[in-house]
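Heads up: the structure comes next, in C-alpha coordinates.
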2 protein chains.
Amino acid sequence: MKLTSKGRYAVMALVDLARFDTINPVSLRDISLRQGISLDYLEQIFSKLKKNQIVKSTRGTQGGYFLSKKPNEIKLTNILNAVDEKVKTVQCKKESKKGCNGKATKCVTHDLWDELETHINTFFEKKSLQDLLKNNSERVN
Amino acid sequence: MKLTSKGRYAVMALVDLARFDTINPVSLRDISLRQGISLDYLEQIFSKLKKNQIVKSTRGTQGGYFLSKKPNEIKLTNILNAVDEKVKTVQCKKESKKGCNGKATKCVTHDLWDELETHINTFFEKKSLQDLLKNNSERVN
DNA sequence: TCTAAACTTGACCATTTTAGTCAGGTATGT
DNA sequence: ACATACCTGACTAAAATGGTCAAGTTTAGA
Ligand code: FES
Ligand code: FES
(Lines give C-alpha, C1' and ligand atoms only; values in the text may rest on other atoms or scores of the structure.)
(Ligands and ions follow the chains in the order given, each with its own letter.)
Protein backbone atom coordinates (compact mmCIF):
# COMPACT_ATOMS: atom_id res chain seq x y z
CA MET A 1 0.00 0.00 0.00
CA LYS A 2 1.82 3.04 -1.17
CA LEU A 3 1.50 6.57 -2.35
CA THR A 4 2.81 7.27 -5.83
CA SER A 5 5.09 10.07 -6.85
CA LYS A 6 2.42 11.70 -8.91
CA GLY A 7 0.31 12.42 -5.86
CA ARG A 8 3.29 13.49 -3.85
CA TYR A 9 4.51 15.82 -6.58
CA ALA A 10 1.10 17.35 -7.06
CA VAL A 11 0.89 18.36 -3.42
CA MET A 12 4.50 19.55 -3.31
CA ALA A 13 3.95 21.70 -6.36
CA LEU A 14 0.77 23.23 -5.01
CA VAL A 15 2.36 24.07 -1.69
CA ASP A 16 5.08 25.80 -3.65
CA LEU A 17 2.50 27.62 -5.71
CA ALA A 18 0.56 28.72 -2.66
CA ARG A 19 3.69 30.26 -1.27
CA PHE A 20 4.90 32.09 -4.34
CA ASP A 21 1.88 32.96 -6.47
CA THR A 22 0.77 35.89 -4.38
CA ILE A 23 2.31 38.51 -6.67
CA ASN A 24 2.98 36.91 -10.04
CA PRO A 25 2.09 33.64 -11.66
CA VAL A 26 4.68 30.97 -11.03
CA SER A 27 6.34 29.14 -13.91
CA LEU A 28 6.66 25.39 -13.84
CA ARG A 29 10.35 25.89 -14.42
CA ASP A 30 10.67 27.60 -11.06
CA ILE A 31 8.74 24.87 -9.32
CA SER A 32 10.81 22.28 -11.07
CA LEU A 33 14.01 23.85 -9.79
CA ARG A 34 12.84 24.57 -6.28
CA GLN A 35 11.18 21.21 -5.67
CA GLY A 36 13.44 19.01 -7.76
CA ILE A 37 10.71 17.62 -10.00
CA SER A 38 11.08 16.96 -13.72
CA LEU A 39 9.62 19.79 -15.77
CA ASP A 40 8.01 17.51 -18.31
CA TYR A 41 6.39 15.48 -15.62
CA LEU A 42 5.11 18.61 -13.90
CA GLU A 43 3.40 19.61 -17.12
CA GLN A 44 1.41 16.41 -17.17
CA ILE A 45 0.41 16.93 -13.59
CA PHE A 46 -0.62 20.54 -14.05
CA SER A 47 -2.64 19.64 -17.09
CA LYS A 48 -4.84 17.56 -14.81
CA LEU A 49 -4.88 20.13 -12.03
CA LYS A 50 -6.08 22.66 -14.55
CA LYS A 51 -8.80 20.43 -15.95
CA ASN A 52 -10.06 20.09 -12.40
CA GLN A 53 -10.04 23.83 -11.80
CA ILE A 54 -7.50 23.74 -9.05
CA VAL A 55 -5.12 26.02 -10.86
CA LYS A 56 -5.38 28.59 -13.61
CA SER A 57 -2.71 29.80 -15.98
CA THR A 58 -1.56 32.63 -18.19
CA ARG A 59 0.61 31.95 -21.19
CA GLY A 60 3.53 33.78 -22.67
CA THR A 61 6.51 35.46 -21.10
CA GLN A 62 6.08 36.07 -17.39
CA GLY A 63 3.19 33.65 -17.51
CA GLY A 64 2.69 30.76 -15.20
CA TYR A 65 0.21 29.09 -12.91
CA PHE A 66 -1.68 30.30 -9.87
CA LEU A 67 -4.23 28.78 -7.53
CA SER A 68 -7.84 29.23 -8.55
CA LYS A 69 -9.07 29.21 -4.96
CA LYS A 70 -7.71 30.14 -1.57
CA PRO A 71 -5.41 27.60 0.08
CA ASN A 72 -7.91 26.82 2.79
CA GLU A 73 -10.52 25.92 0.19
CA ILE A 74 -8.31 23.36 -1.51
CA LYS A 75 -8.45 20.02 0.26
CA LEU A 76 -6.03 17.18 -0.23
CA THR A 77 -8.86 15.10 -1.55
CA ASN A 78 -9.40 17.58 -4.37
CA ILE A 79 -5.77 17.45 -5.37
CA LEU A 80 -5.38 13.71 -5.25
CA ASN A 81 -8.59 13.06 -7.13
CA ALA A 82 -7.48 15.49 -9.79
CA VAL A 83 -4.32 13.57 -10.53
CA ASP A 84 -6.07 10.19 -10.32
CA GLU A 85 -4.37 9.24 -7.08
CA LYS A 86 -7.56 7.64 -5.86
CA VAL A 87 -7.70 5.53 -2.76
CA LYS A 88 -8.67 2.06 -3.84
CA THR A 89 -8.96 -0.62 -1.23
CA VAL A 90 -11.70 -2.90 -2.50
CA GLN A 91 -11.18 -4.90 -5.63
CA CYS A 92 -14.82 -5.41 -6.50
CA LYS A 93 -17.14 -2.86 -8.00
CA LYS A 94 -18.92 -1.36 -5.04
CA GLU A 95 -22.33 -1.09 -6.66
CA SER A 96 -22.26 -4.66 -7.87
CA LYS A 97 -23.62 -7.40 -5.68
CA LYS A 98 -20.82 -9.72 -6.71
CA GLY A 99 -17.66 -10.17 -4.70
CA CYS A 100 -14.08 -9.56 -5.74
CA ASN A 101 -13.54 -13.24 -6.46
CA GLY A 102 -16.52 -13.50 -8.77
CA LYS A 103 -18.71 -15.17 -6.14
CA ALA A 104 -22.30 -14.18 -5.56
CA THR A 105 -21.72 -12.43 -2.24
CA LYS A 106 -19.22 -9.87 -1.06
CA CYS A 107 -16.06 -11.40 0.33
CA VAL A 108 -15.41 -11.68 4.06
CA THR A 109 -13.07 -8.71 4.07
CA HIS A 110 -15.07 -6.32 1.94
CA ASP A 111 -16.51 -4.32 4.80
CA LEU A 112 -13.11 -4.00 6.39
CA TRP A 113 -11.51 -2.44 3.33
CA ASP A 114 -14.43 -0.20 2.80
CA GLU A 115 -14.05 1.06 6.34
CA LEU A 116 -10.35 1.63 5.71
CA GLU A 117 -11.13 3.61 2.59
CA THR A 118 -13.41 5.87 4.55
CA HIS A 119 -10.77 6.21 7.23
CA ILE A 120 -8.19 7.42 4.73
CA ASN A 121 -10.52 9.66 2.80
CA THR A 122 -11.56 11.38 6.00
CA PHE A 123 -7.96 12.29 6.54
CA PHE A 124 -7.70 13.77 3.06
CA GLU A 125 -10.92 15.70 3.39
CA LYS A 126 -9.84 17.37 6.59
CA LYS A 127 -6.47 18.59 5.39
CA SER A 128 -6.21 21.67 3.23
CA LEU A 129 -3.30 23.33 1.52
CA GLN A 130 -3.50 25.98 4.18
CA ASP A 131 -2.66 23.43 6.85
CA LEU A 132 0.52 22.51 5.03
CA LEU A 133 1.49 26.11 4.62
CA LYS A 134 1.48 26.81 8.34
CA ASN A 135 3.94 24.09 9.15
CA ASN A 136 6.41 25.20 6.55
CA SER A 137 6.08 28.96 6.58
CA GLU A 138 9.38 29.48 8.34
CA ARG A 139 11.50 27.63 5.86
CA VAL A 140 11.03 29.67 2.70
CA ASN A 141 14.12 29.44 0.50
CA MET B 1 -2.94 4.56 -3.44
CA LYS B 2 -4.18 1.05 -3.41
CA LEU B 3 -4.19 -2.20 -1.56
CA THR B 4 -2.72 -5.14 -3.44
CA SER B 5 -4.30 -8.52 -3.82
CA LYS B 6 -1.63 -10.16 -1.76
CA GLY B 7 -2.71 -8.30 1.35
CA ARG B 8 -6.37 -8.81 0.63
CA TYR B 9 -5.89 -12.52 0.03
CA ALA B 10 -3.84 -12.94 3.18
CA VAL B 11 -6.60 -11.54 5.33
CA MET B 12 -9.33 -13.44 3.49
CA ALA B 13 -7.44 -16.68 3.95
CA LEU B 14 -6.85 -16.10 7.63
CA VAL B 15 -10.47 -15.30 8.29
CA ASP B 16 -11.30 -18.56 6.59
CA LEU B 17 -8.74 -20.34 8.69
CA ALA B 18 -10.04 -18.84 11.90
CA ARG B 19 -13.48 -20.15 11.10
CA PHE B 20 -12.57 -23.66 10.11
CA ASP B 21 -9.40 -24.66 11.92
CA THR B 22 -11.04 -25.35 15.24
CA ILE B 23 -11.17 -29.13 14.78
CA ASN B 24 -8.70 -30.08 12.05
CA PRO B 25 -6.01 -28.26 10.16
CA VAL B 26 -7.31 -26.65 6.99
CA SER B 27 -5.74 -27.41 3.62
CA LEU B 28 -4.89 -24.63 1.23
CA ARG B 29 -6.94 -26.46 -1.33
CA ASP B 30 -10.07 -25.90 0.75
CA ILE B 31 -9.28 -22.24 1.23
CA SER B 32 -8.58 -21.91 -2.45
CA LEU B 33 -11.99 -23.32 -3.31
CA ARG B 34 -13.96 -21.46 -0.68
CA GLN B 35 -12.36 -18.08 -1.23
CA GLY B 36 -11.64 -18.30 -4.93
CA ILE B 37 -7.90 -17.72 -4.68
CA SER B 38 -5.28 -19.47 -6.79
CA LEU B 39 -3.73 -22.38 -4.90
CA ASP B 40 -0.22 -21.67 -6.09
CA TYR B 41 -0.49 -18.08 -5.04
CA LEU B 42 -1.84 -19.05 -1.64
CA GLU B 43 1.24 -21.17 -1.10
CA GLN B 44 3.49 -18.18 -1.54
CA ILE B 45 1.41 -16.20 0.89
CA PHE B 46 1.31 -18.91 3.54
CA SER B 47 5.02 -19.40 3.28
CA LYS B 48 5.40 -15.84 4.52
CA LEU B 49 2.69 -16.15 7.13
CA LYS B 50 4.48 -19.17 8.49
CA LYS B 51 7.87 -17.48 8.61
CA ASN B 52 6.22 -14.78 10.67
CA GLN B 53 4.66 -17.27 13.08
CA ILE B 54 1.12 -16.34 12.26
CA VAL B 55 0.22 -19.85 11.19
CA LYS B 56 1.59 -23.32 11.82
CA SER B 57 1.26 -26.40 9.68
CA THR B 58 1.30 -30.18 9.64
CA ARG B 59 2.30 -32.02 6.51
CA GLY B 60 0.93 -35.10 4.86
CA THR B 61 -2.57 -36.34 4.25
CA GLN B 62 -5.12 -34.60 6.43
CA GLY B 63 -2.51 -31.98 7.07
CA GLY B 64 -3.03 -28.28 6.70
CA TYR B 65 -2.59 -24.97 8.39
CA PHE B 66 -3.92 -23.53 11.61
CA LEU B 67 -3.54 -20.25 13.47
CA SER B 68 -0.66 -20.10 15.90
CA LYS B 69 -2.46 -17.65 18.18
CA LYS B 70 -6.01 -16.78 19.08
CA PRO B 71 -7.88 -14.59 16.58
CA ASN B 72 -8.01 -11.67 18.97
CA GLU B 73 -4.24 -11.72 19.30
CA ILE B 74 -3.65 -11.44 15.57
CA LYS B 75 -3.83 -7.85 14.41
CA LEU B 76 -4.17 -6.72 10.84
CA THR B 77 -0.83 -5.05 11.14
CA ASN B 78 0.82 -8.42 11.86
CA ILE B 79 -0.74 -9.98 8.81
CA LEU B 80 0.05 -7.20 6.41
CA ASN B 81 3.61 -6.84 7.57
CA ALA B 82 4.10 -10.55 7.18
CA VAL B 83 3.20 -10.50 3.51
CA ASP B 84 5.17 -7.29 2.88
CA GLU B 85 2.08 -5.21 2.37
CA LYS B 86 3.69 -2.34 4.20
CA VAL B 87 2.20 1.11 4.24
CA LYS B 88 4.63 3.37 2.48
CA THR B 89 3.77 7.01 2.10
CA VAL B 90 7.10 8.81 2.22
CA GLN B 91 9.61 8.30 -0.54
CA CYS B 92 12.68 9.28 1.41
CA LYS B 93 14.45 7.18 3.97
CA LYS B 94 13.03 8.31 7.27
CA GLU B 95 16.25 8.20 9.24
CA SER B 96 18.16 10.15 6.62
CA LYS B 97 18.26 13.91 6.88
CA LYS B 98 17.91 14.21 3.11
CA GLY B 99 14.62 14.78 1.37
CA CYS B 100 12.92 12.64 -1.25
CA ASN B 101 14.18 14.85 -4.04
CA GLY B 102 17.80 14.59 -2.97
CA LYS B 103 17.82 18.02 -1.36
CA ALA B 104 19.38 18.70 1.98
CA THR B 105 16.13 19.15 3.89
CA LYS B 106 12.93 17.15 4.07
CA CYS B 107 10.39 18.16 1.46
CA VAL B 108 7.41 20.36 2.28
CA THR B 109 5.03 17.42 2.34
CA HIS B 110 7.10 14.96 4.34
CA ASP B 111 5.37 15.56 7.65
CA LEU B 112 1.99 15.23 6.03
CA TRP B 113 2.68 11.78 4.61
CA ASP B 114 4.24 10.67 7.80
CA GLU B 115 1.09 11.67 9.64
CA LEU B 116 -0.98 9.76 7.09
CA GLU B 117 1.14 6.69 7.61
CA THR B 118 0.52 6.82 11.32
CA HIS B 119 -3.17 7.33 10.69
CA ILE B 120 -3.40 4.18 8.56
CA ASN B 121 -1.23 2.07 10.81
CA THR B 122 -3.35 2.97 13.80
CA PHE B 123 -6.30 1.50 11.96
CA PHE B 124 -4.43 -1.72 11.31
CA GLU B 125 -3.22 -2.01 14.86
CA LYS B 126 -6.70 -1.73 16.31
CA LYS B 127 -8.32 -4.36 14.13
CA SER B 128 -7.86 -8.02 14.93
CA LEU B 129 -8.98 -11.16 13.16
CA GLN B 130 -11.56 -11.54 15.88
CA ASP B 131 -13.22 -8.31 14.81
CA LEU B 132 -13.66 -9.65 11.31
CA LEU B 133 -15.04 -12.90 12.57
CA LYS B 134 -17.89 -11.24 14.42
CA ASN B 135 -19.22 -9.45 11.40
CA ASN B 136 -19.24 -12.55 9.29
CA SER B 137 -20.18 -15.26 11.74
CA GLU B 138 -23.70 -15.57 10.38
CA ARG B 139 -22.72 -16.25 6.83
CA VAL B 140 -20.82 -19.49 7.16
CA ASN B 141 -21.07 -21.50 3.95
C1' DT C 1 4.40 -50.70 2.08
C1' DC C 2 2.33 -47.97 -1.20
C1' DT C 3 0.05 -43.95 -2.45
C1' DA C 4 -2.28 -39.78 -2.51
C1' DA C 5 -2.90 -35.57 -0.08
C1' DA C 6 -0.76 -31.69 1.33
C1' DC C 7 3.10 -28.78 2.48
C1' DT C 8 7.68 -26.63 0.46
C1' DT C 9 10.80 -24.28 -2.60
C1' DG C 10 12.33 -21.73 -6.33
C1' DA C 11 12.17 -20.28 -10.86
C1' DC C 12 9.66 -18.20 -14.33
C1' DC C 13 6.51 -15.00 -16.84
C1' DA C 14 2.76 -11.95 -18.89
C1' DT C 15 0.59 -7.82 -17.95
C1' DT C 16 0.11 -3.45 -15.94
C1' DT C 17 1.66 0.58 -13.69
C1' DT C 18 4.94 4.05 -12.84
C1' DA C 19 7.72 7.71 -13.69
C1' DG C 20 9.28 9.66 -16.50
C1' DT C 21 11.38 11.50 -21.66
C1' DC C 22 10.88 13.47 -26.22
C1' DA C 23 9.17 16.07 -29.88
C1' DG C 24 6.63 18.84 -31.33
C1' DG C 25 3.42 22.46 -31.10
C1' DT C 26 0.69 27.45 -29.53
C1' DA C 27 0.17 31.82 -27.10
C1' DT C 28 1.96 36.27 -25.53
C1' DG C 29 4.63 39.96 -23.14
C1' DT C 30 8.51 42.93 -24.35
C1' DA D 1 10.48 38.97 -33.90
C1' DC D 2 11.69 36.21 -30.28
C1' DA D 3 12.23 34.27 -25.95
C1' DT D 4 9.50 32.42 -22.48
C1' DA D 5 6.20 29.47 -20.91
C1' DC D 6 2.11 26.82 -21.49
C1' DC D 7 0.13 22.74 -24.06
C1' DT D 8 -0.38 18.03 -26.22
C1' DG D 9 0.45 13.46 -27.40
C1' DA D 10 3.32 9.72 -28.20
C1' DC D 11 6.70 6.89 -26.50
C1' DT D 12 9.47 3.90 -23.20
C1' DA D 13 12.57 1.70 -19.55
C1' DA D 14 12.06 -0.22 -15.31
C1' DA D 15 9.52 -1.99 -11.56
C1' DA D 16 5.68 -4.12 -9.42
C1' DT D 17 1.89 -7.26 -9.63
C1' DG D 18 -0.43 -11.42 -9.83
C1' DG D 19 0.09 -15.03 -10.87
C1' DT D 20 1.88 -20.13 -13.13
C1' DC D 21 4.90 -24.15 -13.38
C1' DA D 22 7.98 -27.74 -12.00
C1' DA D 23 10.00 -30.55 -8.77
C1' DG D 24 10.37 -31.83 -4.78
C1' DT D 25 9.44 -33.75 0.74
C1' DT D 26 6.50 -35.40 4.37
C1' DT D 27 3.06 -38.20 6.41
C1' DA D 28 -1.71 -40.38 7.22
C1' DG D 29 -4.19 -44.05 6.04
C1' DA D 30 -5.48 -48.21 3.13
S1 FES E 1 -13.32 -6.55 -1.69
FE2 FES E 1 -15.43 -6.34 -2.21
S3 FES E 1 -16.00 -8.41 -2.31
FE4 FES E 1 -13.91 -8.65 -1.82
S1 FES F 1 8.66 12.45 1.56
FE2 FES F 1 10.30 12.62 2.97
S3 FES F 1 11.35 14.30 2.13
FE4 FES F 1 9.75 14.13 0.70
Side-chain angles (χ1 to χ4, degrees), chain A residues 1-13 17 20-21 24-52 54-66 68 80 83-86 88-89 91 100-102, chain B residues 1-10 12-13 17 20-21 24-52 54-66 68 80 83-89 91 100-102:
Chain A
M1 178 147 225
K2 67 174 181 234
L3 194 74
T4 68
S5 287
K6 185 148 49 175
R8 199 177 4 248
Y9 288 167
V11 179
M12 281 171 73
L17 207 56
F20 292 102
D21 79 345
N24 296 312
V26 179
S27 72
L28 291 189
R29 202 170 155 286
D30 285 354
I31 298 180
S32 168
L33 290 173
R34 272 196 296 261
Q35 304 298 329
I37 305 169
S38 145
L39 176 59
D40 286 316
Y41 201 23
L42 271 180
E43 278 174 348
Q44 285 182 44
I45 293 170
F46 272 76
S47 158
K48 298 192 176 190
L49 292 175
K50 194 182 178 183
K51 272 196 194 107
N52 286 269
I54 294 176
V55 297
K56 290 182 177 170
S57 63
T58 49
R59 301 176 75 147
T61 316
Q62 299 303 317
Y65 286 93
F66 48 96
S68 64
L80 297 174
V83 297
D84 304 316
E85 179 83 34
K86 303 227 178 76
K88 182 167 192 215
T89 55
Q91 177 73 358
C100 56
N101 45 18
Chain B
M1 177 147 224
K2 69 178 180 226
L3 195 73
T4 68
S5 287
K6 185 147 50 174
R8 192 171 319 112
Y9 288 167
M12 282 171 73
L17 206 57
F20 293 101
D21 79 344
N24 296 313
V26 179
S27 73
L28 292 190
R29 199 169 155 293
D30 286 355
I31 298 180
S32 168
L33 290 173
R34 273 195 296 260
Q35 304 298 330
I37 305 170
S38 146
L39 176 59
D40 285 317
Y41 201 24
L42 270 180
E43 279 173 348
Q44 285 181 44
I45 292 170
F46 272 76
S47 157
K48 297 191 177 194
L49 291 175
K50 193 181 179 188
K51 275 198 192 104
N52 285 269
I54 293 176
V55 298
K56 290 181 179 171
S57 64
T58 49
R59 302 176 74 148
T61 317
Q62 300 300 318
Y65 287 93
F66 48 95
S68 64
L80 297 174
V83 297
D84 303 316
E85 178 83 34
K86 304 227 177 76
V87 176
K88 184 169 189 209
T89 55
Q91 176 74 356
C100 55
N101 45 17

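A, B, ... follow the sequence lines: proteins, then strands. Residue 1 opens every chain. Worth knowing before you read on, the calculation uses all heavy atoms, side chains too, and leaves out hydrogens, waters and symmetry mates.
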- Task: Any chance you could measure Arg8(A), atom CZ, to Cys100(B), atom SG, to the nearest 0.5 Å?
- Result: 6.0 Å
- Message: Tell me every residue that passes side-chain contact (heavy atoms from CB on, under 4.5 Å) with Glu85(A), counting only those two or more places apart in sequence or in another chain.
- Response: Leu3(A), Thr4(A), Leu80(A), Val83(A), Met1(B)
- Query: So which nucleotide from dT17(D), dA28(D), dT26(D) ends up closest to the side chain of Gln62(B)?
  - Reply: dA28(D)
- Evaluate whether atom CD of Glu43(B) has more than 12 neighbouring non-hydrogen atoms of other residues, nucleotides or ligands under 6.0 angstrom away. yes
- Note on the structure: Scanning both residues in full, the closest heavy-atom pair of Leu17(A) with Tyr65(A) reads CD1-O, 3.5 Å
- Which residue lies toward the 5' end of DNA chain C, Leu28(B) or Thr58(A), if each is placed at its nearest nucleotide? Leu28(B)
- CG on Leu33(B) to CG on Leu28(B), rounded to 0.5 Å: 11.0 Å
- Query: Looking across every strand, which nucleic acid part, if any, lies under 4.0 Å from Phe46(A) by heavy atom: base, sugar-phosphate, or nothing?
  - Reply: nothing
- Message: Just to be sure I understand the rule, does Val55(B) reach a base, reach only the sugar-phosphate, or reach nothing, if contact means heavy atoms closer than 4.0 Å?
- Response: nothing
- Interatomic spacing from CD in Gln91(A) to NZ in Lys2(B) - rounded to 0.5 Å: 9.0 Å
- Message: Using a 4.0 Å cut-off to any heavy atom of chain A, which nucleotides of DNA chain C are the first and last in contact, reading 5' to 3'?
- Response: dT18(C) to dG29(C)
- Going by heavy atoms in the side chains, are Met12(A) and Asn101(B) under 4.5 Å from each other? yes
- Message: Which nucleotide wins on minimum distance to the side chain of Thr61(A), given the candidates dG24(D), dA3(D), dA5(D)?
- Response: dA3(D)
- Specify the separation, in whole Å, of atom NZ of Lys51(A) and atom C1' of dG9(D). 11 Å
- At under 4.0 Å between heavy atoms, what does Tyr65(B) touch on the DNA or RNA strands: base, sugar-phosphate, or nothing? sugar-phosphate
- Message: If the cut-off is 4.0 Å, is Lys50(A) near the phosphate of dC7(D), judged by side-chain N/O to OP1 or OP2?
- Response: yes
- Task: Using a cut-off of strictly less than 4.0 Å, decide whether Ser5(B) has a side-chain nitrogen or oxygen near OP1 or OP2 of dT17(D).
- Result: no
- Message: Can you classify the ring geometry of Tyr41(A) versus Tyr9(A) as parallel (below 30°), tilted (30 to 60°) or perpendicular (above 60°)?
- Response: perpendicular
- Message: Rounded to whole Å, how long is the line connecting atom CD1 of Ile45(A) with atom C1' of dT8(D)?
- Response: 16 Å
- Query: What are the residues of residues 35-43 of chain A, sorted by number, that bring a heavy atom to within less than 4.0 Å of DNA chain C?
  - Reply: Ser38(A), Asp40(A), Tyr41(A)
- Calculate the interatomic distance between Lys2(B) atom NZ and dG18(D) atom C1'; express it in whole Å. 11 Å
- Query: Would you say Ser32(B)'s side chain and Ile37(B)'s backbone share a donor-acceptor pair under 3.5 angstrom?
  - Reply: yes
- Message: Students often get this wrong, so: under 4.0 angstrom with heavy atoms, is Ser47(B) touching a base, only sugar-phosphate, or nothing?
- Response: nothing
- Query: In whole Å, what is the span from the CD atom of Gln44(A) to the C1' atom of dC7(D)?
  - Reply: 12 Å
